[in-house]
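This report concerns only the one structure given below.
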Amino acid sequence: HLDLSMAGATSVITDSQGQWEDVTTLLRTECAALDVGQLCHVPEFNLYDSIAAMELMDPKMDSGMNAGASEDATVKSFEDAVAKGLKVDGLTPPELISVIDRLLCLLVAWLQGNSLVQTLFTCLYLHNVDAVPDPVLKPVCIAFLKVVEHVRELVMFSDVAEEEDFSATLYGFTTQDDVKLAQALKDIGAAAKVVAGGDGAGWAPDASPELRAAVGKRMEFLEGLMAVLQSSGKVENVKKTPGLCKRAQKAGQELLASASLATADGIVGALDPIHPFINSNLLAPTPPREIESFTFVESVAFLDAELGSLEAAADVSRCDSLEELDDFYDQFDRRDPGLLCRATLHQLAIGGEHVAGKVPMAELVLRSVADFDAITPAEWDAATLMGDEKVYVQLLQDFYTKGGALLHERYKLWGYNRARRRRKMAKFLPQVHTFYIQAYDTNAALHAVWAKHNHPLPRGCSTVIPYATRVCASVAIRYVLSGFELELYGPHEHHTAWWYLDYLSNFFERVHSSACQRRVELVDARARAASVTGSGGGKSAKKGKRGKAKKAPGSSARPGPKSKAPMLEWEFAEVLQFMIRGVLRAIDGCVLVGKAPTLASEFTSIPVLYHHRYGVLGALEQPQYVGYQSFASSMQGIRTRVEAGEFKPEALFVMAYHHFENAVKHAEGLLQGKTVPPGMRAQLSQIVRVAKGNMVSLRICSLPGGHPTVKMDFAEHPCFPILKFR
């Protein structure tokens with residue numbers, strides 16, 4: 001603990017509460033002695049106590065309500081509200097519109113992570129739906145409860161949320177468990193017919209058609225939302241989900257025109273049915289904080305975006321390979337989907353035993369390994385069908401099964417929000433390293449088996465180590481790039497971030513290029529061999545009635561070098577490498593002329609921040625973690641060459657310009673191809689715009705005397721900035 005009697009503590013204030021002492025100098029001295037991650041505290045006040053005592057200014061974390069507010073409230077419960085004049089039957093159209101619109105706003109607040117007792121269950125009608133006889137209001141309330149029930153089940157079953165992201169606790173309330181979602185859909189449809197007729201709703205005979213239509217549109221939207229939730233998350237329903245989403249979106253847009261028809265004060269009868277502090281006794285009496293409120297327009301826009309993401313999630317059923325699945329996840333993440341949509345995608349893609357309801361994950365790993373090194377069916381047979389020896393078959397199968405389990409966990413990370421995903425990814429790195437070690441063990445065991453027969457290891461077996469290395473490198477690159485997406489890196493950290501990315505991209509390119517070069521050579525050799533065989537006039541395979549070669553038994557299950565995904569990934573990696581080098585060289589130039597942002601803090605340093613950002617990558621054996629000293633040595637080498645007159649700082653801006661120019665050429669070449677997946681195509685288009693913007697900026701900096709300060713603009717792309725010099 002800190003001894004305030006030490007030298008440096010100076011008395012500055014004396015008041016009725018005691019004597020205050022300035023311990024600034026003392027704290028600075030003590031902080032200098034603390035290592036990264038160390039905490040200084042007295043035994044009776046630990047980290048948990050300090051966090052519990054701190055108001056985090058977040059309604060989802062400071063979830064307590066003002067207990068005093070409920071003591072002064074005029075309403076204690078649903079029954080008390082009914083006794084004091086709350087209408088439960090015969091609600092007018094404006095009152096119904098008001099209740100439904102406000103419930104939609106509370107639903108959105110809950111989907112954003114707030115608790116149910118601060119959102120939907122602040123509506124008194126949901127406390128006791130059975131005591132609401134109104135023929136329109138009752139099915140509406142049940143509909144909202146069924147939405148809550150289905151969303152809770154989906155999110156909890158997918159297990160991609162933590163307490164700060166989603167509050168599933170019901171606090172003793174019920175969601176009408178005796179009513180099934182299908183029955184609730186029928187009831188809301190029947191209620192919509194009542195609204196259309198108007199006779200059985202208890203309304204005045206002269207109720208305007210406009211009001212009747214406004215209530216009907218809300219019923220239609222609720223019905224559509226429930227139908228979407230009923231079909232979402234189930235592979236067998238992916239074909240009809242897009243149509244249901246479009247129908248619900250159309251109904252939602254039609255709600256906005258009648259938002260002004262609701263009662264202005266929200267009063268139903270003599271009371272407001274929604275009381276923000278009605279459930280204050282269910283939460284701890286921490287500092288009062290109401291939830292963030294959403295307007296009706298904002299709520300409809302949010303639900304419209306979520307329905308669009310649910311429609312997009314259904315397309316995951318079209319993915320037939322890991323490469324397509326990766327591209328789909330990247331493209332889906334750019335929509336910035338909510339938790340409900342991420343949980344739905346998780347269930348559709350990897351929620352069952354088969355990926356997207358098609359094949360096991362281990363089978364996709366097998367295909368990916370085969371495509372990575374262009375393994376033919378014949379080579380695969382040689383690797384798996386040799387005499388009576390079955391040991392190597394089991395070894396390969398174990399490797400693919402473990403690889404499938406690893407990739408299952410990797411895809412599960414996409415279910416979390418981006419900030420939590422990065423933290424989960426840091427904990428995921430040791431599993432990736434384990435996969436790499438398993439590849440080495442598998443390769444060694446396979447060598448031992450084949451050594452008995454005096455045969456070299458087939459290519460179908462020797463690819464496991466390069467493939468595992470590629471997985472490790474891609475995860476490391478994604479981890480570093482996520483810091484830019486989350487805006488974690490300060491301007492003074494950009495230099496080290498781009499330097500580390502340059503190192504990782506070089507490593508990834510070496511691993512991928514060797515495999516792709518072998519692939520090109522082998523495919524060309526096979527093509528030449530096939531042409532020679534064809535010119536001889538002989539038939540290499542029996543023909544069927546239509547002249548097609550008959551497949552060998554079991555050949556449909558064997559992989560072949562048909563996929564162009566590895567080549568596309570390699571070429572896309574080259575584009576990224578040019579972009580990374582372009583940004584890095586531009587920052588190098590700014591550092592040399594003294595115009596780069598610097599760290600202005602006495603409590604930390606660049607080496608400490610470097611270790612904090614990238615030290616977690618030390619969990620991987622390949623690519624090896626490189627410390628800050630390597631970065632410092634690299635930069636010192638550039639300084640030495642400049643001081644020796646080998647080149648001027650302006651030359652670095654010219655080099656950056658050419659890197660961006662190459663990125664544009666390669667990206668535009670890829671965009672002309674028809675096999676580029678949608679997610680990669682969108683990224684390439686963004687990269688072209690960013691690279692061209694940087695080329696314009698660097699023309700100025702490459703001129704003699706042009707040494708402006710650099711500022712990075714990430715508006716166009718979340719990871720690659722447009723360099724703006726001023």
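Predicted model, so just to flag it, every value in this text is computed and none were measured.
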>> Pair Y479, V432 - check side chain to side chain contact (heavy atoms under 4.5 Å, CB included), show working.
In response: CA-CA 12 Å; Y479 178 80; V432 179; over 6 Å; no
> Under the salt bridge (charged side-chain N to carboxylate O under 4.0 Å, His left out) criterion, do R581 and D588 qualify, and how do the steps go?
Replying inline: CA-CA 10 Å; R581 288 177 177 175; D588 286 342; over 6 Å; no
>> Set out, in order, the CA-CA distance, both residues' side-chain angles and the distance that settles salt bridge (charged side-chain N to carboxylate O under 4.0 Å, His left out) for R699 and E650, then state yes or no.
In response: CA-CA 10 Å; R699 283 182 181 273; E650 290 82 1; over 6 Å; no
> Can you check side chain to side chain contact (heavy atoms under 4.5 Å, CB included) on M695 and E661, steps first, answer last?
Replying inline: CA-CA 7 Å; M695 290 169 65; E661 186 179 32; 4.1 Å; yes
>> E569 vs F572, test: side chain to side chain contact (heavy atoms under 4.5 Å, CB included). Steps then yes/no.
In response: CA-CA 5 Å; E569 186 180 34; F572 183 66; 5.7 Å; no
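Shown here are the side-chain hydrogen bond (donor to acceptor under 3.5 Å, both in side chains) partners of D327, two or more places apart in sequence or in another chain: there are none. Residues meeting the side-chain contact (heavy atoms from CB on, under 4.5 Å) test with V696, sequence neighbours left out: none. Shown here are the side-chain hydrogen bond (donor to acceptor under 3.5 Å, both in side chains) partners of K648, two or more places apart in sequence or in another chain: there are none. Residues passing the ring-ring contact (aromatic ring centres under 6.0 Å, His included) test with Y657: none are found, sequence neighbours excluded. In this view, L34 and Q38, C40 satisfy the side-chain contact (heavy atoms from CB on, under 4.5 Å) rule, not counting sequence neighbours. For the side-chain hydrogen bond (donor to acceptor under 3.5 Å, both in side chains) test, no residue two or more places apart in sequence or in another chain qualifies with Y503. For C319, the side-chain contact (heavy atoms from CB on, under 4.5 Å) criterion is met by V316, E324, L325, F328, not counting sequence neighbours. Residues that satisfy the salt bridge (Lys or Arg N to Asp or Glu O under 4.0 Å) test with E485, not counting sequence neighbours, are absent from this structure. Every residue two or more places apart in sequence or in another chain that forms a side-chain contact (heavy atoms from CB on, under 4.5 Å) with T434 is listed here: Q438.
At least one donor-acceptor pair closer than 3.5 Å links the side chain of R613 to the backbone N or O of L488. Side-chain atoms of S630 never come within 3.5 Å of backbone atoms of V626 as a donor-acceptor pair (strictly under, hydrogens ignored). Panel note: side chain S368, backbone L364; no donor-acceptor pair is recorded below 3.5 Å. Under a 3.5 Å cut-off, the side chain of N114 and the backbone N or O of A109 do form a donor-acceptor pair. In terms of modelled atom types and a separation under 3.5 Å, the side chain of Q672 and the main chain of G669 share no donor-acceptor contact. At least one donor-acceptor pair closer than 3.5 Å links the side chain of N506 to the backbone N or O of D502. Within the 3.5 Å criterion, the main-chain N or O of V690 finds no donor-acceptor partner in the side chain of E716. Of the possible polar contacts, none joining the R639 side chain to the L592 backbone as a donor-acceptor pair under 3.5 Å is found.
Other residues, nucleotides and ligands contribute more than 12 heavy atoms inside 6.0 Å of the CD atom of Q636. The number of heavy-atom neighbours closer than 6.0 Å to NE2 of H408, taken from other residues, nucleotides and ligands shown, is above 12. Within a 6.0 Å radius of OH in Y628, other residues, nucleotides and ligands contribute more than 12 heavy atoms.
A donor atom on one side chain and an acceptor atom on the other are not found under 3.5 Å apart for R689 and N694. Looking only at atom types and distance, the side chain of T241 has no donor-acceptor partner in the side chain of E311 under 3.5 Å away.
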Can I get a per-line list of side-chain donor-acceptor pairs under 3.5 Å for residues 617-624, giving both atom names and the distance, sequence neighbours left out?
none

Would you list the atom pairs, donor with acceptor, under 3.5 Å between side chains in residues 331-349 and any protein atom, with sequence neighbours excluded?
from, atom 1, to, atom 2, distance (Å)
D333, OD1, R421, NH2, 2.9
D333, OD2, R418, NE, 3.3
D333, OD2, R421, NH1, 3.4
R334, NH1, Q686, OE1, 3.3
R334, NH2, Q683, OE1, 3.1
R335, NE, S309, OG, 3.4
R335, NH2, G308, O, 3.2
R342, NE, G415, O, 2.7
R342, NH1, P337, O, 3.0
T344, OG1, L340, O, 2.8
H346, NE2, S158, O, 3.4

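Ring-centre distance between Y489 and F484: below the 6.0 Å cut-off. If you look at Y625 and Y614, their ring centroids are not closer than 6.0 Å.
Salt bridge annotation for R410-D326: present, with a cationic side-chain nitrogen under 4.0 angstrom from a carboxylate oxygen.
Side chains of T496 and M635 form no contact here, defined as non-hydrogen atoms less than 4.5 Å apart. At least one side-chain heavy atom of I437 sits less than 4.5 Å from a side-chain heavy atom of H433. Using a 4.5 Å cut-off on side-chain heavy atoms (C-beta onward), Y610 and S605 make no contact. In this structure, the side chains of F720 and I580 come closer than 4.5 Å at one or more pairs of heavy atoms. Between M361 and L322, the closest side-chain pair of non-hydrogen atoms falls below 4.5 Å. For the pair F302/V297, no side-chain contact is recorded, criterion being any heavy-atom separation below 4.5 Å from C-beta on. The closest side-chain heavy-atom distance from V654 to R585 is not below 4.5 Å. Two residues are said to be in side-chain contact when any heavy atoms from C-beta on lie closer than 4.5 Å; I587 and W499 fail this criterion.
Aromatic ring orientation, F714 versus H494: perpendicular (interplanar angle above 60°, classes split at 30° and 60°). Between F166 and W110, the two ring planes are tilted [angle within 30° to 60°].
A side chain to side chain contact (heavy atoms under 4.5 Å, CB included) with K424 holds for exactly one of E409, E162, K412; it is E162.
When all heavy atoms are compared, the tightest approach of L698 to A586 is CD2-CB, 4.1 Å. The heavy-atom pair separating G403 from F435 by the smallest distance is CA-CE1, 3.4 Å.
Listed by first and then second residue, the ring-ring contact (aromatic ring centres under 6.0 Å, His included) pairs that reach into residues 660-693 are F578-H666, sequence neighbours excluded.
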